[in-house]
Amino acid sequence: MVAFALLACAALCCEMTSAAGSPPKPHILMLLADDFGWANAGWHRTPKDDPMQEVKTPNMDNLVKNGIELDRAYSFKFCSPTRCALQSGRFPTHVNVLNLDMSVYNPKDPVSGFAGIPRNMTGMASVMKKAGYATHQTGKWDAGMATPDHTPQGRGYDTSLGYFHHANDYWTEHVGPYVDLWETSMPAHGLNGTKDGSQGTSGTEEDYEEFKFLKFVLATIQAHDPTTPLFYNYDFHIVHEPLEVPGVYYNKFDFIKNDYQSHRQTYAAMVNYMDGAIGNITDLLNSKDMFKDTIIFFQSDNGGPSFSGSSHTANNWPHKGSKMSNWEGGVRVNAFVSGGYLQTNFPKMVGTKLTGLVSIADYYATCAGIAGVDPTDERAAKANLPPIDGLNMWPYFTGQVTESPRSFIFNDVDTAIKSMNGTLFKIINASTESACYMGPQYPNGTINPGCSQSECKDGCLFDIMKDPVEADNLATDSSYADVYKAMQGALTDMNKGFFDPERSGGPNSVPDAAAKAYGGFWGPFLP
């Protein structure tokens with residue numbers, strides 16, 4: 001709290017031009033949250049279901065109020081595939097559906113034999129650079145590490161500060177025996193923490209990884225020339241495990257009772273920390289007179305971990321399921337569009353809720369459309385890699401068209417959503433775990449927060465417009481036989497293009513030797 005205030009003061013009190021010129025194209029702030037539960041977002045709560053105001057997200061709530069709520073935004077069911085989709089503009093099924101360790105590789109395949117995005121796919125930031133944007137990335141990467149081409153810099157970002165793996169420790173930045181913290185082209189020596197990671201919820205804010213990320217973001221924006229268009233991708237570590245947060249934030253939520261091993265309190269504090277970081281960024285943009293020219297996109301990488309993965313932390317109520325599952329609780333995520341550029345140029349869209357389909361893969365083409373460049377990936381085509389799936393959503397977001405251009409989402413090899421007969425049908429073609437529901441206050445100490453129930457062994461069909469909680473399986477309803485058959489056929493057709501190269505097989509000694517050469521830091525290990 002104190003450190004946040006100091007950062008805000010530094011941003012607001014620094015010397016700057018009071019009337020900064022506008023860039024030729026709008027600034028874009030792309031925010032990606034990690035493991036953010038549906039019911040942990042303030043705009044999805046009411047005083048009736050959250051009487052104690054456990055969910056505190058005032059800055060995001062304000063951006064939603066003065067922007068557009070995306071009610072049917074979809075990500076993959078877990079981390080790395082979503083991040084690969086965002087950076088490559090492809091459905092995870094056409095780039096990567098695996099949460100592999102970043103150190104795996106297949107020596108026999110120099111193009112696709114790596115964790116994350118294939119080497120010859122063009123990154124989102126590279127597309128934006130063609131349009132004259134300054135590009136920066138901060139936070140969790142989880143889209144590749146094997147070669148310099150796989151790093152944020154290799155994908156087109158001018159600068160970056162973050163980590164490569166699925167999660168590191170918030171206090172030490174360790175993943176296994178090595179530190180995972182990288183700055184643009186080298187290990188971030190001197191920035192990693194040296195204290196015991198067991199600080200958990202008692203550490204000071206200055207030692208907290210998300211604070212270091214925020215500090216980097218603010219410094220980069222502060223140094224930016226407002227007349228040059230800015231593309232900033234901030235990928236929060238929060239709210240992913242481990243459950244760790246500065247003590248001053250944890251103590252703000254000590255009114256939460258009937259908790260499960262303090263999970264609800266810690267998670268609420270972490271969400272509140274992320275919200276404060278977003279507030280600091282928008283304050284700085286306003287102080288530099290950049291907010292009026294800024295578009296903000298926000299989405300979570302998957303639903304909250306409730307029944308699997310990082311167990312019993314987030315809350316996806318009223319949806320069924322959790323991260324790691326294809327239920328709506330795992331893939332239908334918190335998302336919005338906001339910013340001064342939207343408010344000034346498209347005021348009729350302010351305060352609206354859009355219910356059309358949006359995929360995490362769509363931001364690639366959407367940002368390219370805003371920048372005025374062609375998103376076609378010619379480099380990938382030459383390597384016989386799948387083309388982008390992303391669609392330009394900007395006309396939909398700005399009210400130039402009334403319906404989303406997206407009519408289907410290829411969620412996974414066994415799951416798809418498709419617009420048919422004036423509604424949205426969802427097919428799940430495999431036994432799916434975490435088939436349980438949460439409640440307004442989850443997890444709690446009264447009810448066992450676990451879930452061992454699976455459904456859809458013989459296939460499921462849901463009308464998710466009428467039945468968003470997936471309670472009524474229509475697969476055995478004879479009146480929906482034609483729809484079910486059509487959805488089965490659509491899923492079969494989608495799977496014809498499924499991209500699944502062999503990514504592993506190389507010896508662990510290679511990435512291990514590189515980490516030692518970097519002074520105990522994870523980093524690229526092949527040329």
Side-chain angles (χ1 to χ4, degrees), residues 1 3-4 31-47 49-65 69 73 75 79 139-140 167 170 200-201 203 205 208-211 213-214 217 234-256 259-282 296 298-306 309-317 319 322-323 329 332-336 338 438-444 449:
M1 183 183 302
F4 258 172
L31 302 174
L32 188 67
D34 199 335
D35 288 8
F36 189 17
W38 183 270
N40 300 113
W43 63 96
H44 288 148
R45 304 307 297 258
T46 67
D49 60 58
D50 188 19
M52 298 297 291
Q53 292 187 313
E54 294 183 8
V55 177
K56 296 184 185 296
T57 55
N59 292 295
M60 287 187 281
D61 295 348
N62 184 60
L63 288 171
V64 173
K65 180 181 178 181
E69 180 182 350
S75 294
C79 306
K140 177 175 176 175
Y170 284 92
T201 58
E205 187 172 0
Y208 193 53
E209 181 176 54
E210 204 69 66
F211 175 81
F213 290 159
L214 175 61
V217 172
Y234 184 4
D235 305 307
F236 290 91
H237 184 169
I238 286 177
V239 199
H240 198 286
E241 66 175 350
L243 291 180
E244 297 174 339
V245 71
V248 67
Y249 280 83
Y250 179 77
N251 294 335
K252 285 170 60 176
F253 292 85
D254 60 7
F255 63 88
I256 293 179
D259 199 353
Y260 174 80
Q261 299 180 359
S262 299
H263 283 197
R264 203 161 85 245
Q265 179 178 347
T266 310
Y267 190 93
M270 293 172 75
V271 169
N272 183 242
Y273 195 98
M274 175 173 65
D275 184 79
I278 292 172
N280 270 256
I281 294 168
T282 55
I296 299 173
F298 176 96
Q299 186 155 328
S300 180
D301 68 340
N302 42 251
S306 308
S310 312
S311 297
H312 320 318
T313 55
N315 188 354
N316 300 313
W317 179 81
H319 299 146
S322 166
K323 173 186 178 179
R332 183 180 172 187
V333 296
N334 300 318
F336 61 79
S338 195
M438 285 138 272
Q441 280 71 49
Y442 174 94
N444 59 64

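For this chain, numbers begin at 1 and follow the sequence in order. As a basis for the values below, the full set of heavy atoms in this structure was taken, side chains included, without hydrogen atoms, waters or symmetry mates.
- Side-chain atoms of Asn315 come within 3.5 Å of backbone N or O of Gly439 as a donor-acceptor pair.
- For Thr313 and Glu241, the side-chain atoms include no donor-acceptor pair closer than 3.5 Å.
- At distances below 3.5 Å, at least one donor-acceptor pair connects side-chain atoms of Asp50 with backbone N or O atoms of Val55.
- With rounding to the nearest 0.5 angstrom, the CD atom of Glu210 is 11.0 Å from the NZ atom of Lys140.
- To the nearest 0.5 Å, atoms CG (Leu31) and OG (Ser300) are separated by 12.0 Å.
- A donor-acceptor distance shorter than 3.5 angstrom exists from the side chain of Asn334 to the backbone of Gly37, with no hydrogens or angles considered.
- Side chains of Tyr234 and Leu214 form a contact here, defined as non-hydrogen atoms less than 4.5 Å apart.
- Residues Ser262 and Tyr250 meet the side-chain proximity criterion, which asks for heavy atoms closer than 4.5 Å.
- Interatomic distance, Asn316 CG to Met438 CE, rounded to the nearest 0.5 Å: 4.5 Å.
- Nearest heavy atoms, Met274 versus Ile238: CB-CG2, 3.7 Å.
- If you check the side chains of Asn59 and Asp275, you find a donor sitting under 3.5 Å from an acceptor.
- Judged by distance alone, with hydrogens and angles left aside, the side-chain atoms of Tyr273 form no donor-acceptor pair with the main-chain N or O of Val239 at under 3.5 Å.
- Using modelled atom types, no side-chain atom of Tyr208 and backbone atom of Tyr170 make a donor-acceptor pair closer than 3.5 Å.
- Taking CE from Met52 and CZ from Phe255, the interatomic distance works out to 6.0 Å, rounded to the nearest 0.5 Å.
- Taking the centre of each ring, Phe236 and Phe36 stay at or above the 6.0 Å mark.
- Checked against Arg264 for a side chain to side chain donor-acceptor pair (under 3.5 Å), the options His312, Glu54, Gln441 give a single hit: Glu54.
- In this model, a donor atom of one side chain and an acceptor atom of the other lie less than 3.5 Å apart for Glu69 and His44.
- The aromatic rings of His240 and His237 sit tilted, their planes meeting at an angle between 30° and 60°.
- In this structure, the side chain of Ser306 engages the main chain of Ala314 through a donor-acceptor pair within 3.5 Å.
- Considering every non-hydrogen atom in both Pro242 and Met270, the closest pair reads O-CE, 3.8 Å.
- Around CD of Gln53, the count of heavy atoms belonging to other residues, nucleotides or ligands within 6.0 Å does not exceed 12.
- Annotation: the span from Thr201 atom OG1 to Leu243 atom CG amounts to 9.5 Å, rounded to 0.5 Å.
- The two residues Tyr260 and Pro443 come nearest to each other via the heavy atoms CB-CB, 3.8 Å.
- At a threshold of 4.0 Å, the pair Lys323-Asp35 counts as salt-bridged, since one of the basic side-chain nitrogens sits closer than that to a carboxylate oxygen.
- In this structure, the side chains of Asp301 and Val333 stay at 4.5 Å or more apart for every pair of heavy atoms.
- At least one donor-acceptor pair under 3.5 Å links the side chain of Asn280 to the backbone N or O of Gly276.
- With rounding to the nearest 0.5 angstrom, the CD1 atom of Ile278 is 8.5 Å from the CD1 atom of Ile296.
- In this structure, Thr46 and Asp49 have side chains that are in contact, with non-hydrogen atoms separated by less than 4.5 Å.
- Partners of His319 according to the ring-ring contact (aromatic ring centres under 6.0 Å, His included) rule, which considers only residues two or more places apart in sequence or in another chain, are Trp38.
- Here the side chain of Arg45 pairs a donor or acceptor atom with the backbone of Ala39 at under 3.5 angstrom.
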